[in-house]
Each structure stands twice: as C-alpha cells, then as structure tokens.
Amino acid sequence: MRKTKKETFNPFNFIIFGGDGDLALRKIYPALFHRLYDGQITPDFRIFAICRRERSLSEFKTSVLEFISESGKEFGKSDLAKIFLERIQLVQVSDFSPEAYSNLITALKPNQKAPNIFYFSTPSSAFGAIASALKENGLIDERSKVVLEKPLGNSLATAQEINRQVGAAFQENQVYRIDHYLGKETVQNLMVLRFANHLFEQAWNSQHIENVQITVAESLGVQSRAGYYDQSGALLDMVQNHLLQLLCLVAMEPPHLLEADFVRNEKLKVLYALRPFSKKSIKTQSVKGQYTRGKIAGQSVSSYLEDIEKFDSKTETFVALTTFVDNWRWKGVPFYLRTGKRMPKRYSEIVINFRPVAHNIFPSGKEIPANKLIVRLQPDERIELVQMTKIPGPGGYRYKPIALKLDFVDNFKERFPEAYERLIMDVVRGNQTLFMRQDELEASWMWIETISKSWKEVQMPVELYEAGTWGPGQDVMLEDHIWNTKGYAVD
Ligand code: BG6
C-alpha cells in the first residue's frame with residue numbers, strides 16, 4: 001500500500017448497473033481498486049455488479065483482475081487485489097420486474113447500514129426504468145446517490161425525459177452526472193491556474209486573447225462500440241460533453257467559492273452565452289469528417305465504414321467548430337473546437353493564443369509571434385507558457401519562442417490517479433462540483449441541437465480523411481498549428 005495522506009471513508013455499497021460492461025471493467029473496478037490500494041477506502045465497502053444474464057463469478061473476477069493488472073502487473077499480484085475481488089458480488093437482475101429486483105434486495109439486506117451508491121452504466125434509455133424500479137423496491141433513501149454515465153440521451157427532449165424520470169426517484173442533490181474529462185488532472189489544474197494565480201486572470205479576456213483552441217485527438221477508432229457510435233457521431237460523443245465542459249472551464253467567470261452550485265452557475269452562464277449556429281454560419285464554421293483506410297504508427301487500419309460494417313453511413317468521426325461566447329469578456333474571440341478519431345496520435349490540449357505585442361521595437365521589423373499558454377491534457381500532462389526569448393550571443397537582438405514548462409510527469413513522481421478515481425471518490429464524499437447539474441445538461445443540448453439541426457437543413461456533407469492524418473484539411477503537427485475560420489489547421 002502506498003503511504004500517502006488521505007481522508008478515509010465509511011463503508012458503502014457500490015451497485016453498478018451494466019456491471020459486466022466495458023466501462024465498468026476498464027474504468028470503474030480499477031478506479032475503486034486503486035483507491036483501496038492508496039488506503040483512501042478501507043476494505044469494508046461492497047461492490048454489487050448487476051448483470052442481465054447469468055455469469056460465472058470466477059470468470060468475472062478473472063476479467064476484473066486483468067483490467068486491474070493493465071495499470072501495472074504489480075497491482076494485479078498484490079494481496080489487496082485479492083481482498084478487492086472478495087468485495088465483489090454478482091447479482092443478476094434480468095428485467096425490471098419485482099421478481100428480478102428481489103435478487104438485489106436479498107443481496108443488499110445484510111449491508112443495510114451502509115449507504116447505497118448506484119452507478120448507471122447502461123444505455124441511458126434504461127435509466128428511468130431502473131430508477132423507478134429501485135424506488136418501488138424501497139432501495140433508495142436520503143443517503144443514496146446515483147451516478148449517471150454519459151451519453152445522457154441523444155437530444156434535448158430525451159435528456160429532459162431522463163432528468164424527469166430520474167428526478168422522480170432521486171433528489172437533484174443525489175444525482176451525479178459524470179463527465180470523466182472533469183476528473184482529469186490537468187483539467188482541474190486549469191481552475192488552479194486561472195484562480196490561484198494573479199498573472200493569468202488579468203489577461204483572460206478579449207483584450208488580450210486572440211483565440212482559444214481545444215483539441216481532443218484520438219488514434220483509436222470506434223472499437224467495439226459501432227452500434228452506439230454510429231447513432232451518435234463525434235458531435236454527441238465528444239463535443240456535447242467533454243469539449244463543452246473544457247470550454248466552460250476556460251470561459252467561465254471566477255465562482256464565488258469552489259462549491260458545486262457556484263461553479264455550476266458560472267458554467268451554465270457560459271453555455272447560455274454560446275452563439276447558436278444557423279443555416280448560414282454552419283457552412284463556414286463547421287466541418288464534419290469521416291475516416292477512410294490509412295496507417296497509424298506504421299499499422300494499416302480500416303475505414304470507419306469497414307469498422308462498423310455499414311457502408312452507407314454518413315456519421316462523422318471528426319468535427320471542427322468555430323464558436324463564440326457572446327458576453328463582455330469574450331466578445332469576438334473565436335473558440336476553435338476540434339475532435340476526431342483515427343488521428344496520428346492521442347493528443348489533447350487547450351491552447352490560449354494571446355494577442356501579439358502592440359508595436360515591434362526590434363530592428364528585424366518582423367512580426368513577433370504572440371505568447372501562448374498550452375494546457376496539455378494527454379499524453380504527458382503539462383502546462384507550457386510560450387514566450388519570446390533573446391537568442392544568446394552578439395549580433396543584435398534575435399529572438400525566438402521558448403516554452404516555460406511545468407511538466408507534471410517530471411515534477412510529480414507519484415502515479416497519476418485516473419479521472420474516474422477522483423470522480424468516484426467525490427461521489428462517495430458527496431461533492432457535486434465536478435458533476436453536471438440538470439440545467440447545465442439541458443443547456444448543452446440546446447446549443448448542440450443548433451448544430452445538428454443546421455447540419456440537417458443544409459445537408460452538410462461529410463468530408464473524408466485518411467486515418468492517420470489530422471482530419472479534413474492539411475496534415476500538420478498540432479504543436480505548430482494555427483487554424484483558419486473553418487476550424488482547419490492551416491499552418
Ligand atoms: C468517451 C467517448 O466519453 O471518451 C469515447 O465515448 C472516447 O469515444 C473517450 O474514446 C475518450 O476518453 P479519454 O479519456 O481516453 O480521452
């Protein structure tokens with residue numbers, strides 16, 4: 001066990017619907033394990049993995065162990081891994097009938113003293129029915145909490161309906177709408193950077209910032225999620241949640257305190273201030289792309305259509321948008337959002353491009369490149385401030401951009417907890433700051449629908465891009481890019 005100073009928690013029951021699903025295996029069990037390994041939770045919690053079909057417990061535990069070992073072989077071999085697996089119980093709940101739920105009631109009976117934390121990791125169309133079955137079967141009390149995994153609906157109407165149905169069983173202060181990007185270390189550091197440093201906040205507005213660029217590039221394709229992905233596309237899968245949340249953290253006003261509703265009120269104001277897309281702006285301010293066959297890191301990869309085995313799909317695997325936050329602080333500052341699958345590498349960052357100096361006093365007379373602040377989310381989490389520096393030596397004033405780097409990997413040697421670890425612990429401790437409130441979710445859908453509706457109205461074409469390139473437009477290194485108004489990287 002690592003020796004780190006940690007708060008500890010009382011026992012709890014963690015009940016995962018979709019307990020044998022991909023997300024639970026890849027993220028949720030390893031996250032809980034690492035919190036145990038770090039001593040933040042003691043081995044008196046219990047996990048109930050809810051599955052629709054019957055499964056063998058030993059095979060299931062072997063899969064859980066494999067995913068724990070992926071974060072490091074030593075973890076899988078540790079005594080704590082054995083202890084962790086002992087805490088897991090499989091419960092079959094095949095439908096929403098009282099008979100099916102009696103299995104869960106029986107399993108939870110000996111653990112009634114501990115609060116129930118429900119994690120809904122099924123398609124969101126089932127959330128309402130699960131919530132109401134839990135209520136009818138008397139499994140919810142005022143100590144209970146529920147975590148809702150994305151995507152929450154696929155339109156404003158469906159998101160509202162989910163909110164309504166879940167709200168009939170849980171109070172809003174019991175609901176945790178998770179977006180794992182908010183649990184990422186550098187994303188949280190953005191708050192510290194902005195609100196614990198005098199320097200940046202002074203220049204954080206349209207007077208000093210020329211544009212903001214948010215990029216989430218992935219080298220992976222759609223993996224085993226063809227059915228879901230083809231219904232969503234990159235706009236709903238990534239922009240509606242992750243990219244918008246990042247934009248909110250960059251653009252929001254300082255909250256009064258770092259408390260859930262103060263932070264969420266500020267994020268909500270940003271979402272309301274986002275300029276809606278129209279038939280006119282969508283053509284020049286958005287790009288949709290879909291990957292074709294190509295090569296990534298020397299390996300040939302198939303096209304999106306081959307991956308999903310559906311050859312007439314027009315679903316986008318790449319989106320670039322130019323948007324504006326119409327308020328005093330951000331008047332006229334473009335926010336470029338871009339995300340895509342099957343790009344040359346996994347690479348996500350937020351770049352704040354400052355305005356150039358007002359006047360060049362140096363003899364070369366050439367334009368002086370402007371400062372930029374780069375917040376690198378992944379890989380190699382770091383923050384860089386790019387500034388002009390004199391090239392040493394005689395021969396007049398020659399300068400070039402040099403980055404001041406705060407490299408997390410070099411400066412903080414401990415293992416970086418995964419986003420889910422942080423967020424799950426926030427649920428246990430009852431802190432909703434990093435979770436979306438109902439009105440926030442609905443506001444994000446309202447804006448997203450201006451894009452999807454405008455795309456439909458103008459029959460926006462999907463541009464093809466080769467897997468292993470940076471999407472439609474030119475193939476350039478992200479580190480050096482500037483984007484044109486369409487959102488393409490051009491330089
Ligand atoms: C998920 C999306 O929410 O985020 C996936 O559904 C995507 O399509 C993933 O691959 C990216 O997360 P991360 O943490 O790997 O950047």
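Being a predicted model, the structure only gives us computed values, none of them experimental. Ligands are counted one by one from 1 in listed order, and the atoms in each one are counted from 1 as well.
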Exercise. For the side-chain contact (heavy atoms from CB on, under 4.5 Å) test, which of L148, V427, D179 pairs with F435?
Worked result: V427
Exercise. Counting from 1, what ligand 1 atoms have a heavy atom of D237 closer than 4.0 Å?
Worked result: 2 (C), 5 (C), 6 (O), 8 (O)
Exercise. Judged by non-hydrogen atoms, does Q378 sit under 4.0 Å from ligand 1?
Worked result: yes
For this session: Tell me which protein heavy atom sits closest to atom 5 (C) of ligand 1, plus the residue, atom name and distance to 0.1 Å.
Result: R225 NH2, 3.1 Å
Exercise. Which residue owns the protein heavy atom closest to atom 12 (O) of ligand 1, what's the atom, and how far is it?
Worked result: H180 NE2, 3.2 Å
Problem set entry | Y229 heavy atom under 4.0 Å from ligand 1 | no
Exercise. If only atom types and distance count, is the side chain of K269 paired as donor or acceptor with the main-chain N or O of R264 below 3.5 Å?
Worked result: no
For this session: Write out the residue and atom name of the closest protein heavy atom to atom 15 (O) of ligand 1, then the distance separating them to 0.1 Å.
Result: R346 NH2, 3.1 Å
Exercise. Should the pair R194 and F200 be classed as cation-pi, given the thresholds of under 6.0 Å to the six-membered ring centre and 45° from the axis?
Worked result: no
Problem set entry | Q165 side chain vs A129 backbone, donor-acceptor pair below 3.5 Å | no
For this session: Could you list which atoms of ligand 1 come closer than 4.0 Å to a heavy atom of K184?
Result: 13 (P), 14 (O), 16 (O)
For this session: Give a yes or no answer on whether the side chain of R342 reaches the backbone of T292 with a donor-acceptor pair at less than 3.5 Å.
Result: no
For this session: Without swapping roles, check the side chain of Q290 against the backbone of S313 for a donor-acceptor pair under 3.5 Å.
Result: yes
For this session: Give the numbers and elements of all ligand 1 atoms closer than 4.0 Å to a heavy atom of K341.
Result: 5 (C), 7 (C), 8 (O), 10 (O)
Problem set entry | Atoms in ligand 1 flagged as close to H242, the criterion being non-hydrogen separation under 4.0 Å | 1 (C), 3 (O), 4 (O)
Exercise. Shortest non-hydrogen contact from Y29 to F84?
Worked result: O-CZ, 3.4 Å
Problem set entry | Protein contact of atom 10 (O) of ligand 1 - nearest heavy atom, named by residue and atom, plus distance | E218 OE1, 2.5 Å
For this session: Pull out every atom of ligand 1 sitting under 4.0 Å from any heavy atom of K150, numbered as shown with elements.
Result: 1 (C), 2 (C), 3 (O), 6 (O)
Problem set entry | ligand 1 to Y228 polar contact by distance, N or O atoms, under 3.5 Å | no
For this session: Look at the side chain of K145 and the backbone N and O of V428, then say whether any donor-acceptor pair between them is shorter than 3.5 Å.
Result: yes
